[in-house]
Amino acid sequence: MSTPKKPGFGTLAVHAGWEPEEKTGAVMPPIYMTSTYVQDAPGQPREGFEYSRTQNITRFALQDALATLEGGACGFTFTSGMAAITTLLLTLKPGDRIVCGDDLYGGTYRLFTKVGERFGLRFDFVDTSDPMTFENLPEDTTLLYLETPSNPLLKLVPLELAIAAGHRVGADVCVDNTFATPALQQPLTLGADFIIHSTTKYIAGHSDVVGGALIAREESRKEDLWFHQNSAGTVNSPFDAFLTLRGLRTLALRMDRHCQNALQVAKALEAHPKVTKVIYPGLPSHPQHELASTQMSAGGGMVCFEIDGGADEAATVVQSLKFFALAESLGGVESLVELPAPMTHASIPAETRAALGITDGLVRLSVGIEDGDDLVADLEQALAQI
Ligand code: P1T
């Protein structure tokens with residue numbers, strides 16, 4: 001007998017984490033809105049179900065689905081992406097050294113510098129797009145924390161190099177896979193130890209629920225992560241888990257369209273006389289386009305650009321757009337636009353932002369799944385206002 005072929009990503013996205021329920025045949029998990037479970041005798045919960053912070057079937061279905069899609073052994077979901085990252089930090093101890101990218105989501109930077117440091121964690125913010133960073137990784141690194149593509153500058157981490165370097169010094173490697181999603185890259189299959197998601201974004205995909213996930217490659221991590229999820233109480237609600245799983249079912253389809261539209265928009269912007277710079281991993285002009293072609297299956301749905309002018313011109317453009325809503329966040333079916341400097345990355349000091357290249361005129365697009373031609377036309381009419 002031939003070995004059955006492993007199902008493709010689109011098939012797994014539709015089916016992972018849940019088999020139709022035996023009793024009713026329900027094809028989606030019921031929303032188990034219960035805080036607790038009855039016990040037949042003291043200390044004897046039925047099937048191990050004691051309390052919803054610890055065990056909840058709806059959450060388990062989402063957790064299992066995400067673990068499967070990332071190629072991991074176990075997954076945990078949380079009330080937000082920040083709650084997932086916080087719970088990962090709680091597994092560390094004072095003095096531990098975290099080497100992380102210098103271009104990270106502003107909220108992650110804030111958590112690391114304003115909270116993590118207060119609890120004795122040490123952070124090195126370095127250029128994780130530079131291969132030399134991994135040649136010189138400090139020997140006492142505990143955790144290598146990576147975003148690829150990074151938020152907002154869409155810099156890539158050479159994952160194979162980074163993972164090998166992390167393991168050479170005995171560090172765990174965690175990749176925030178929010179921007180790429182497992183539809184485009186699966187760092188655990190390259191040897192990374194943990195994946196973080198803001199499931200608020202592409203995973204849930206409809207801008208209607210905030211959530212996060214932490215997924216581990218090895219089963220041996222399960223007990224410790226579950227212990228910390230339960231101890232910190234950072235779990236998402238059953239209703240949020242249901243919504244997130246509902247969105248996840250169409251991830252493969254949505255990512256195809258996000259990537260196709262983003263490429264079309266990036267090309268149109270690159271050809272526009274009022275645009276001085278476009279950043280998109282799927283364009284040959286991206287400094288790491290070669291790397292993108294080897295470690296990502298497409299360029300993703302995020303595009304950044306700079307306008308001939310500064311903050312005022314950028315503000316005019318983002319306020320003139322019709323299909324791109326001016327809002328923080330990303331990854332929903334509808335297109336969004338924002339200026340990282342005064343919005344998502346305002347918690348990063350102005351000098352640091354300037355040094356990194358997060359200028360006041362940098363515009364970030366989350367390209368939705370509308371018709372690409374409409375999005376290009378919208379950008380053209382908005383650019384015509386300046
Ligand atoms: O917003 P929350 O679900 O808590 O996720 C935090 C987070 C973590 N990691 C990355 C890469 C992120 O982009 C985010 C959240 N980002 C935005 C809200 C934003 O507009 O960039």
Side-chain angles (χ1 to χ4, degrees), residues 62 66 70 76-89 98 100-116 125 128 145-157 174-182 184-185 187 192 194-215 232 234-237 240-241 243-244 247-248 258 279 281 296 300-304 318 324-332 334-348 353 356 358 362-368:
L62 173 64
L66 287 171
E70 286 286 2
F76 297 89
T77 56
F78 301 89
T79 193
S80 64
M82 294 319 303
I85 303 170
T86 300
T87 306
L88 177 67
L89 294 189
I98 298 113
C100 54
D102 55 10
D103 184 46
L104 293 176
Y105 168 55
T108 306
Y109 178 86
R110 180 176 55 202
L111 175 70
F112 288 179
T113 54
K114 299 260 166 58
V115 183
F125 295 92
T128 50
Y145 188 92
L146 308 167
E147 263 184 31
T148 179
S150 64
N151 183 358
L153 291 170
L154 306 176
K155 295 203 276 183
L156 305 191
V157 177
C174 178
V175 179
D176 183 329
N177 207 20
T178 299
F179 273 33
T181 84
L184 307 188
Q185 73 184 11
F194 301 116
I195 294 291
I196 285 285
H197 273 287
S198 167
T199 57
T200 315
K201 312 297 181 320
Y202 293 105
I203 296 286
H206 295 74
S207 305
D208 53 7
V209 57
V210 173
L214 170 56
I215 300 149
T234 38
V235 290
N236 53 339
S237 79
D240 288 358
L243 274 182
T244 305
L248 182 68
H258 282 298
I279 311 173
M296 296 170 73
M302 302 298 293
V303 177
C304 288
V318 300
F324 288 84
L326 176 58
E328 300 197 2
S329 202
L330 58 118
E334 67 291 300
S335 292
L336 299 180
V337 62
E338 68 120 10
L339 302 183
M343 295 174 71
T344 49
H345 291 71
S347 54
I348 297 177
R353 283 200 310 261
L356 289 171
I358 305 174
L362 183 76
V363 181
R364 189 188 77 176
L365 301 177
S366 170
V367 182

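Not measured: the values here are computed from a predicted model. Side chains are part of it too, since the values below use all heavy atoms of this structure and drop only hydrogens, waters and symmetry mates. Each ligand, and each atom within it, is numbered from 1 in the order the structure gives.
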> Any idea which protein heavy atom is nearest atom 15 (C) of ligand 1, and the distance to it?
Replying inline: Lys201 NZ, 3.0 Å

> So do Thr181 and Lys201 actually touch side chain to side chain, heavy atoms under 4.5 Å?
Replying inline: no

>> I need the nearest protein heavy-atom contact for atom 13 (O) of ligand 1: residue, atom name and distance, please.
In response: Asn151 ND2, 3.0 Å

>> Below 4.0 Å, non-hydrogen atoms only: which portion of Arg364 touches ligand 1? Side chain, backbone, both or neither.
In response: side chain

> Short list, please: which atoms of ligand 1 are under 4.0 Å from a heavy atom of Glu147?
Replying inline: 11 (C)

> How far is atom 2 (P) of ligand 1 from its nearest protein heavy atom, and which residue and atom is that?
Replying inline: Gly81 N, 3.4 Å

>> Minimum heavy-atom separation for Ser335 and Val367, please, with both atom names.
In response: OG-C, 3.8 Å

>> Nearest 0.5 angstrom please: Leu104 CG to Arg110 CZ, how far?
In response: 13.0 Å

>> Test of understanding: given a 4.0 Å heavy-atom threshold, classify the contact between Leu330 and ligand 1 as side chain, backbone, both, or neither.
In response: side chain

>> Among all protein heavy atoms in this structure, tell me which lies nearest to atom 11 (C) of ligand 1, with the distance rounded to 0.1 Å.
In response: Asp176 OD2, 3.3 Å

>> With side chain to side chain contact (heavy atoms under 4.5 Å, CB included) as the criterion, how do Thr77 and Leu66 come out once you've worked through the C-alpha distance, each side chain's angles and the decisive distance to 0.1 Å?
In response: CA-CA 9 Å; Thr77 56; Leu66 287 171; 3.7 Å; yes

> Is Glu338 in contact with ligand 1, taking contact as a heavy-atom separation below 4.0 Å?
Replying inline: no

> In the protein, what heavy atom is nearest to atom 7 (C) of ligand 1, and what distance, to one decimal place, separates them?
Replying inline: Tyr105 CD2, 3.4 Å

>> As a quick check of understanding, evaluate side-chain hydrogen bond (donor to acceptor under 3.5 Å, both in side chains) for Thr87 and Thr234, giving each step before the final call.
In response: CA-CA 7 Å; Thr87 306; Thr234 38; 2.9 Å; yes

>> Counting only nitrogen or oxygen atoms and a 3.5 angstrom limit, does Met82 reach ligand 1?
In response: yes

> Taking the six-membered ring for Trp, are Tyr109 and Phe125 parallel (under 30°), tilted (30 to 60°) or perpendicular (over 60°)?
Replying inline: tilted

> Looking at Thr344, which atoms of ligand 1 are within less than 4.0 Å of one of its heavy atoms?
Replying inline: 19 (C), 20 (O), 21 (O)

> With a 4.0 Å cut-off on heavy atoms, is Gly211 touching ligand 1?
Replying inline: yes

> Looking only at heavy atoms of Ser329, does any of them come nearer than 4.0 Å to an atom of ligand 1?
Replying inline: yes

> With a cut-off of 4.0 Å, which atoms of ligand 1 are near a heavy atom of Ser80?
Replying inline: 3 (O), 4 (O)

>> Tell me whether Asn177 contacts the main-chain N or O of Gln185 through its side chain, where contact means a donor paired with an acceptor under 3.5 Å.
In response: yes

> Glu147: what forms a salt bridge (charged side-chain N to carboxylate O under 4.0 Å, His left out) with it, not counting sequence neighbours?
Replying inline: none

> Considering only the protein, which heavy-atom contact is closest to atom 3 (O) of ligand 1, and what is its distance?
Replying inline: Thr200 OG1, 2.7 Å

>> As an exercise, state the distance from CG of Leu62 to OG1 of Thr199, rounded to the nearest 0.5 Å.
In response: 7.0 Å

>> Using 30° and 60° as the class boundaries, would you call the ring planes of His345 and Tyr105 parallel, tilted or perpendicular?
In response: perpendicular

